[in-house]
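Below: the structure, in structure tokens.
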2 protein chains.
Amino acid sequence: MKSSDMKKKRPTLQDVADLVGVTKMTVSRFLRNPDQVSVPLQSKIADALEDLGYIPNRAPDILSKSKSHAIGVLLPSLTNQVFAEVIRGIETVLEPAGYQTMLAHYGYSKEAEEARIATLLSYSVDGLIISESYHTERVRKMLAVAGIPVIEIMDSVSPPIEQAIGIDNEAAAYAMTDFMIKRGRQKIVYFAARMDQRTLFKIKGYESAMHDNGLTPLCLKTNSASSFTLGATFLKDALQQQPDTDGIFCTNDDLAIGALYACQKSGIKVPDDISIAGFHGHDISRAMVPLLATVITPREEMGRLAAEHLLSRLQGHPVSEKIIDLPFQIEAGESI
Amino acid sequence: MKSSDMKKKRPTLQDVADLVGVTKMTVSRFLRNPDQVSVPLQSKIADALEDLGYIPNRAPDILSKSKSHAIGVLLPSLTNQVFAEVIRGIETVLEPAGYQTMLAHYGYSKEAEEARIATLLSYSVDGLIISESYHTERVRKMLAVAGIPVIEIMDSVSPPIEQAIGIDNEAAAYAMTDFMIKRGRQKIVYFAARMDQRTLFKIKGYESAMHDNGLTPLCLKTNSASSFTLGATFLKDALQQQPDTDGIFCTNDDLAIGALYACQKSGIKVPDDISIAGFHGHDISRAMVPLLATVITPREEMGRLAAEHLLSRLQGHPVSEKIIDLPFQIEAGESI
DNA sequence: GACAAAATAGTAAACACTTACTTTCACATT
DNA sequence: AATGTGAAAGTAAGTGTTTACTATTTTGTC
């Protein structure tokens, strides 16, 4: 095989060094600190680097230092707008700090979560931002063995592996339910989808508020993902099961908006006939007509904070607070 | 320093081998194919692996084979819902195939794009999915030197580096504008934000359609990101500059929805007084009242296809089609 | 019970870079 | 002129795994 037949591989430090006529060590030095190399060599090396289009290879460094300058981000889903906003917050901090984001999701499956974490660790990520609050023993062991900082996001209550940053979903759901009751609603139905940990916390908050006010909770559940359509479907179900329903509290804005539009289409007046509240406070719910009542949560800030605390710990600082409980906000909008 | 003082590092193959009393090669063999190891050893190795919580390290493999099983995904922004859907499509395909996603974004800056691509390449990504159609010489050289498959997504027209998958943004904008004109609109204003390549293509399509029908285009532009609020602001500007405006075509659904709600608030009837059309056809626009007219684009499919074609090329197949032009769809909704 | 074949396990090298140490040489000081 | 100093560049080793080869043991056959 002639050399012209060979698939040319990406140039290494050695290739650059050969071109200049020095050892790769000299080129390496130039790369980290040009002044460590004599002036005449500086320009020759710079030219050679440019000529060959040299791009450093992190693999040796990852191998010898077990540091990748990459952060693993593991979320249950990418479908949900909430997570897109969390990712944005994370990237906002990580990218300027020179860290690369490795993204993975596990579709709410525990086995998939184990597999994804193993994969992320196999790349020697320097830290991990994960979601959900329950983790298998295997996951806990892997994280312990890996010895890297881990931050759990989304909920602030359950005892964290090391550090959790999120909101108190149960308290938030309680607060909104209570708010609706104070506004005179009695037969409030909860719409739940995707029965993950956070949804379970919210249901608990809703049910507590109902009970504390002597009311009977009714919760519609499904394991499928939420959507506008599902909100409309749930509305029909709710009215069938409890015709005098006067309030609807949804596990997220999507369901709420779907239910609201379904009301508009079938002539049900919001909020006169039925109050509707969502959860999260996405842009759309704060622009639409009528303005959606919702629990405003700091999604992007949650991502930012998680990344910031992770970076702080990578710099050697200890865990400052085990649980960082971010404030939520009840927004009455015009639909209650 | 006593051994108990030392920070324990994550176990290696050698640690497992020592525990069992074999060489690391035997453990390595067990990992890839347990049958290559004698039956008694199989269980002993399995136990040791479990005991130590061994997690494979990809760094040596990346180093010696220059293959990471990771794919770099570089998008202009994470703010936009469009990109969240594209990422979802990509992950849907990549994850089951055993590829890890490395996500980066560059905020529409050319210098940042160069830097991000260099970073992704430094991790020896096996392939790259990037957006936008214009790239600097430096970027082109880096990609050439890297010698990995590259797929450009979002637009289908401009000559691709290797392979492009997207829609014909110019044709789509032409089609929608023409549709609005056929429905009797004459004074159609275009709302543009974030002046990236695709927006420029869409403006071109809009202007062509207006000219071809003997009408005068009016385009409101800004470099900031689009939002519902911006849609409302643009509406005011449009009515000021051209009080008899009877149509609004927005570069995305966000602007359109913002404009539509602003109309509702100020008593302007849609579509009787003004027609409004968006671009992309997000879930919300297909659920709201009135249904938004929009150009439905296959965002998720675009991501899926890009990932599929990338995988096919990683399996050694040549580029099948240089440009894959995905169909768009004009959805009349109820706002035209 | 001898010999070949097959199964099983071991050894060494390679991957690209950096750290830590060593060598070389120019120049200043005595 | 001998010695010391410091800048500049070189050398060797190590990082964890796999590939390719080699050695050893077991099995099967006659």
Side-chain angles (χ1 to χ4, degrees), chain A residues 7-45 48-49 52-69 118-119 121-126 145-147, chain B residues 6-45 48-49 52-69 118 121-126 145-147:
Chain A
K7 200 192 168 194
K8 51 184 176 302
K9 287 201 318 189
R10 143 177 169 189
T12 68
L13 270 193
Q14 187 65 62
D15 297 326
V16 179
D18 290 348
L19 192 60
V20 179
V22 293
T23 60
K24 55 187 174 179
M25 202 47 234
T26 305
V27 183
S28 172
R29 269 191 272 261
F30 173 82
L31 252 21
R32 0 196 67 243
N33 182 0
D35 295 338
Q36 279 181 46
V37 160
S38 64
V39 179
L41 270 186
Q42 286 179 16
S43 52
K44 283 168 88 176
I45 294 177
L49 251 13
L52 295 174
Y54 174 78
I55 294 166
N57 184 347
R58 295 202 190 213
D61 227 53
I62 298 176
L63 179 56
S64 55
K65 304 211 190 43
S66 301
K67 292 252 166 292
S68 59
H69 263 71
T119 301
L121 292 177
S122 76
Y123 284 102
S124 307
V125 289
D126 294 353
V145 169
Chain B
M6 301 201 219
K7 196 187 173 200
K8 52 186 173 301
K9 286 200 319 188
R10 149 177 166 187
T12 68
L13 271 192
Q14 186 67 61
D15 297 327
V16 179
D18 289 348
L19 192 59
V20 179
V22 294
T23 59
K24 55 187 173 179
M25 203 46 236
T26 305
V27 183
S28 173
R29 268 191 272 261
F30 173 83
L31 251 20
R32 359 196 67 243
N33 182 0
D35 294 339
Q36 279 180 45
V37 159
S38 64
V39 179
L41 270 187
Q42 285 178 19
S43 51
K44 282 169 89 177
I45 294 177
L49 250 13
L52 296 174
Y54 174 78
I55 295 164
N57 184 347
R58 295 204 189 209
D61 227 51
I62 298 175
L63 179 54
S64 55
K65 303 212 190 43
S66 299
K67 292 253 164 294
S68 59
H69 263 70
L121 292 177
S122 77
Y123 285 102
S124 306
V125 289
D126 294 352
V145 168

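Quick caveat: nothing in here was measured; it's all calculated off a predicted structure. Chain letters run A, B, ... following the sequence lines, proteins first, then strands; residues in each count from 1.
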Is there a side-chain contact between [X] and [Y] (heavy atoms, below 4.5 Å)?
| X | Y | result |
| --- | --- | --- |
| A:Val145 | B:Leu52 | no |
| B:Ile45 | B:Thr26 | yes |
| A:His69 | A:Asp126 | yes |

Mind checking B:Leu41 for me? I need base, sugar-phosphate or nothing, with any heavy atom below 4.0 Å counting as a touch.
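Touches sugar-phosphate only.
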
Pair B:Gln42-B:Asp35, side-chain contact (heavy atoms from CB on, under 4.5 Å): steps then yes or no:
CA-CA 8 Å; B:Gln42 285 178 19; B:Asp35 294 339; 4.2 Å; yes

Nucleic acid footprint by protein, nucleotides 16-26 of chain D - heavy-atom cut-off 4.0 Å, B for base, S for sugar-phosphate alone
BBBB-------

Nearest-Å distance for atom pair CD1/P, residues B:Ile62 and D:dT15:
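Going from CD1 in B:Ile62 over to P in D:dT15 covers 18 Å.
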
Decide yes or no on side-chain contact (heavy atoms from CB on, under 4.5 Å) for B:Val20 and B:Leu41, but give the supporting numbers first.
CA-CA 8 Å; B:Val20 179; B:Leu41 270 187; 3.8 Å; yes

Start with the C-alpha gap between B:Tyr54 and B:Asp15, add the side-chain angles, then the distance that decides, and say whether side-chain contact (heavy atoms from CB on, under 4.5 Å) holds.
CA-CA 9 Å; B:Tyr54 174 78; B:Asp15 297 327; over 6 Å; no

Hey, does the side chain of A:Ser64 reach the backbone of A:Pro60 with a donor-acceptor pair shorter than 3.5 angstrom?
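Yes, the answer is positive, given that a donor and an acceptor are paired below the 3.5 Å cut-off.
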
Tell me, please, the opening and closing nucleotides of DNA chain C, 5' to 3', among those with an atom under 4.0 angstrom from a non-hydrogen atom of chain A.
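Reading along DNA chain C, I get C:dA16 to C:dT19.
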
How far apart are the C-alpha atoms of B:Leu31 and B:Leu13, what are their side-chain angles, what is the distance that settles it, and do they pass the side-chain contact (heavy atoms from CB on, under 4.5 Å) test?
CA-CA 10 Å; B:Leu31 251 20; B:Leu13 271 192; 3.7 Å; yes

